[in-house]
Amino acid sequence: MSQTLFIFDILNSSKKIDQTNFSLTNTDMGLPADIPISIEQECLVGGKQVGSRLITLCIGNMTIRIVPTRAMAILDVTRNNQRFGWDSPVKEIVHPQFINQEASGGIGWLDGFNEMLVRCGYQWSGHPGQDGDEFLTLHGRIQNTPADNIVLSVEQKAPYRVTLSGSVSEKRFKFTDYEVNTSISLTLDSPYIDIVDTLTNNSSYDNTYQSIYHNNFGQPILEEGSKIHIAIAEISPFNQYATQGLDQWQSIKKPTKHFDEMVYNIRPLKNDDGTCFSLLENANKDTGVEVAWQYATLPVFTLWKNTDTVEQGYVVGLEPGTSFAYNRSHQHALGLVPTIKAKESVQFSVRFGLFTSASEVDASRNNIKQLQSTQSPVIQSSPPVNL
Amino acid sequence: MSQTLFIFDILNSSKKIDQTNFSLTNTDMGLPADIPISIEQECLVGGKQVGSRLITLCIGNMTIRIVPTRAMAILDVTRNNQRFGWDSPVKEIVHPQFINQEASGGIGWLDGFNEMLVRCGYQWSGHPGQDGDEFLTLHGRIQNTPADNIVLSVEQKAPYRVTLSGSVSEKRFKFTDYEVNTSISLTLDSPYIDIVDTLTNNSSYDNTYQSIYHNNFGQPILEEGSKIHIAIAEISPFNQYATQGLDQWQSIKKPTKHFDEMVYNIRPLKNDDGTCFSLLENANKDTGVEVAWQYATLPVFTLWKNTDTVEQGYVVGLEPGTSFAYNRSHQHALGLVPTIKAKESVQFSVRFGLFTSASEVDASRNNIKQLQSTQSPVIQSSPPVNL
Amino acid sequence: MSQTLFIFDILNSSKKIDQTNFSLTNTDMGLPADIPISIEQECLVGGKQVGSRLITLCIGNMTIRIVPTRAMAILDVTRNNQRFGWDSPVKEIVHPQFINQEASGGIGWLDGFNEMLVRCGYQWSGHPGQDGDEFLTLHGRIQNTPADNIVLSVEQKAPYRVTLSGSVSEKRFKFTDYEVNTSISLTLDSPYIDIVDTLTNNSSYDNTYQSIYHNNFGQPILEEGSKIHIAIAEISPFNQYATQGLDQWQSIKKPTKHFDEMVYNIRPLKNDDGTCFSLLENANKDTGVEVAWQYATLPVFTLWKNTDTVEQGYVVGLEPGTSFAYNRSHQHALGLVPTIKAKESVQFSVRFGLFTSASEVDASRNNIKQLQSTQSPVIQSSPPVNL
């Protein structure tokens, strides 16, 4: 009997394994020679990249680039030559050693912000500022933490599922004892990437947490005429400025100087399986990205429309979360600061559908319309928070 | 005539020596083949450990693990299979590049806190907060500074004294010009480890300093029924909460949820040699750790009873210092902000006795009782500082 | 036809080139064997140097040491065995991973301050403090940023110009999108080093910037009897303390305890080419350093007289800039917070003349006197800013 699972430790502090620069072909992984799966890792150099790693996973028509030194972020994905991700003015893959999250009133996080999938959390997420005695920096600490225990596993039989997992810890004596086990998995010839992250509170005390999946998409999907579809229970503007664009929340403008960002708080509908859906489709409706997620642990969603100039980072965020993007101080009253009990875990599931045909996009849009057809969205004309 | 001292540069910026991963056996060091002394250094990998080094020194029945990248901290010691140290929720040996001491109001130091011997200082130590125009972060900067000039020296004749020294600098143009030369030394078949640190003010100006040896011990020595012995001139509670446990200051509770920490300020008695003594013994009184130190430069002592749950870090600190654990702002009035004159040095001597037999523990306890027998401790029922 | 330009990539993130430790001789560079040009790079080790690089460029009678990991700073230069630079109490070449610029109220920059040429900028420079909603740390962020795209180019024919260039980026999503291309160049048998830095605003929005060339010189040029010459339109004391030394602004005291620093704001005269000049000559007038610069983009100058004790860092700064050394909040009213338009660049040119003969020094001094002869300096007896 042949082995059915290829397992490869990329980084493991306990086993003292660090593969640094490596590449594996399909045959290295015990796969048939005609199965197009390969992986490589590069140790980056130059400027603020030194220390950063970049893992490139090629599976059939998909290439995923993952940044293990930034909490297993997904930098971008290419499927059928269509890039999913965005173009931040931050070009380097910045190593956390060069990030000071406390800088300039707590916005140093922005110095490294350029990935498609950015995790925000876990002791807190959201905008910087004081919450009681605590000063909270923008979007929490996890994204600027290098992962450990990075493992590649590849099923050696169809559908040849490839999983890349890694753990990231957020610990502070007396305050925080969190560990998150992340996994990214996908199969040949499927347009979906599954993210399953398990956050564990190793403490003997309950603790609050927040999590936002800051998923970001820019050109070429994002363009004038692109459209956003989400099955919505309730939508509200984040702030006064966003009230101006509330009735066009689904529409995308061309890159627009001085647009800055309009942000919307969304309480999503879920289907019978507890899944929620959002879709960004291009103007031609033949390319799009679907972000689906499990409602149980990610009950709200932030739509971040940052359709300013291209240079400024023309980008839309499709962001399921435990919480909105406000500073945590505003979210207690909204019921969006959940608790994770001592020794317990919470699992977050997010799925990316990377669609490169009209039929894929149509199916996703129709599914969302079907879900929305059961009820009309409640539209709150004012922000729920007085900023 | 044979050489009598083996000297080995482990790290030296001037000589451009960096031994990275290495190991030396007794014969490598010119020792007889039956003398059980060896050393190795490992460059750690994974998560926030990347960049960290760990030196493991084996001498007879003792194994000491030292962290040169964290100011020559002692991670832990094993003697006769008895571990001395503690289990912090922080498991990684965190490299300083990932520590932001200014974080969250100055408590980022806690993100890497897990060693048996942690140095606090030197421009300041103690709790975070404002002291006049200066914002002071928790316990000063030295612990998050990698050492240089790391040298192993081994006497090639009995008692085969092994010394590991390293220097750590704390410098800021116009403000601080400190260099500390640390040394850890021990001999075969002795239960003692000697720490001798020399702090030099290289400036042409006098400057104030503070130093605390944050020595931490947990399970298995620490358990219900463990007892603390210190020869005391005066004891006071650190804060109101600690007043509740003042009369049981010598007793150790089992891991206790919501206990948090009780802290006591102690002015110790010294013997005729100017030495002070503290002992933590287990319930069976057959294992214990003695912390002895020279009064001249470390005139006060903090007893940190953090006997909360195991997960929270069940630990007691036996901490000689120039100062108590208050923010420096409170210590000027207490006379605990000493001055080091321009170009002068101050030497700190701390000795760990790692006892694994009832006779060793008995001798230490009897010595402390003998010293205490000359006078009764003054017990202050209120904190000396109004927090 | 032979190649006329030797080009060598030292560090390039795009090309994945990192030469780490290397050395090149004249023949390696395709130069004649009698042309004394060589270069080497060393990866430093020990303490807070780990990660730092040091490039040593030898050209005839000049040796320049450059720190690519600190924004292409010039550590020091030796010409004809005369050292140009200074002796900071900070001895290590500190890697940015160990600098927290937010520390202690924004002065963490001082933990690594020891070079001859230190760039301050670019989103801001000057003293730390609040400017409106923004907290600005001392002298901006650029100096604690490692360079990328480091290239050596050497002309293979007389005058054998050697150029070392590197780029440094200062980026923050939504706030700053600056890239500076630095170059240091010099030729055989000339006493001049040319610095040409081009700052580009890659954003689609105009942005303000500030730039100061913090050029620092100590012993042996700096000594009792050294003299400063600058062609001046207007001079004012930086603060009340500096008013005391205003009439002796050209004179240098011996190392003087408690002198601290006296700082002067200077609006310089320029010659017909738009060049401004400053000179620090030794007491014998046979050694000196001239700092010349283009007025167009560096219209003001700070004279930093820090002639305190040798240990404290006996040093004078000759500092052309867009701005004085005040916090930016004070410089709006002075008209010293310029704007760089979207997609535009600003070029800064600074030239160091490293003079080791009386004739060189005389020529420089005479040139400055000639320029000053056209008008008398306006001397403002009070600081322009009420601190």
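Chain naming here is simple, since letters A, B, ... match the order of the sequence lines and numbering starts at 1 in each. Scope of the values below: all heavy atoms of this structure, side chains included, with no hydrogens, waters or symmetry mates.
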Just by distance, do the side chain of B/Arg328 and the backbone of B/Gln123 share a donor-acceptor pair under 3.5 Å? yes
Part of B/Asp177 within contact of chain C (heavy atom distance under 4.5 Å): side chain
Side chain, backbone, both or neither: which part of C/Asn100 has an atom under 4.5 Å from a heavy atom of chain B? side chain
Ionic contact status for C/Asp111 with B/Lys171, cut-off 4.0 Å: no
For C/Asn114, is it the side chain, the backbone, both, or neither that has a heavy atom closer than 4.5 Å to a heavy atom of chain B? neither
Geometric cation-pi criterion C/Lys257 and B/Tyr205, 6.0 Å radius, 45° cone: yes
Counting only heavy atoms closer than 4.5 Å, note whether B/Ile17 contacts chain C via side chain, backbone, both or neither. backbone
Under 4.5 Å from a heavy atom of chain C, the part of B/Phe98 involved: neither
Below 4.5 Å from any heavy atom of chain C, which atoms of B/Gln97 appear? Answer side chain, backbone, both or neither. both
Between B/Lys343 and B/Asp206, does at least one N-O distance fall below 4.0 Å, as a salt bridge requires? no
Does one side chain, of B/Asp131 or B/His330, offer a donor that lies under 3.5 Å from an acceptor on the other? no
Contact part of B/Thr145 toward chain C, heavy-atom cut-off under 4.5 Å: side chain, backbone, both or neither? side chain
Give, as side chain, backbone, both or neither, the part of C/Gln312 having an atom under 4.5 angstrom from any heavy atom of chain B. both
Answer yes when B/Glu115 and B/Arg65 have at least one side-chain N-carboxylate O distance shorter than 4.0 Å, and no when they do not. no
Looking only at C/Leu110, C/Ile107, C/Asn306, most heavy-atom pairs under 4.5 Å shared with chain B are made by C/Leu110
Measure up the C/Phe113 and C/Trp304 rings against each other and bin them: parallel (under 30°), tilted (30 to 60°), perpendicular (over 60°). tilted
Side chain, backbone, both or neither of C/His258 within contact of chain B (heavy atoms, under 4.5 Å): both
Ion pair check, B/Arg53 and B/Glu42, cut-off under 4.0 Å: no
Whatever's closer than 4.5 Å to a heavy atom in chain B on C/Ser104 counts as both
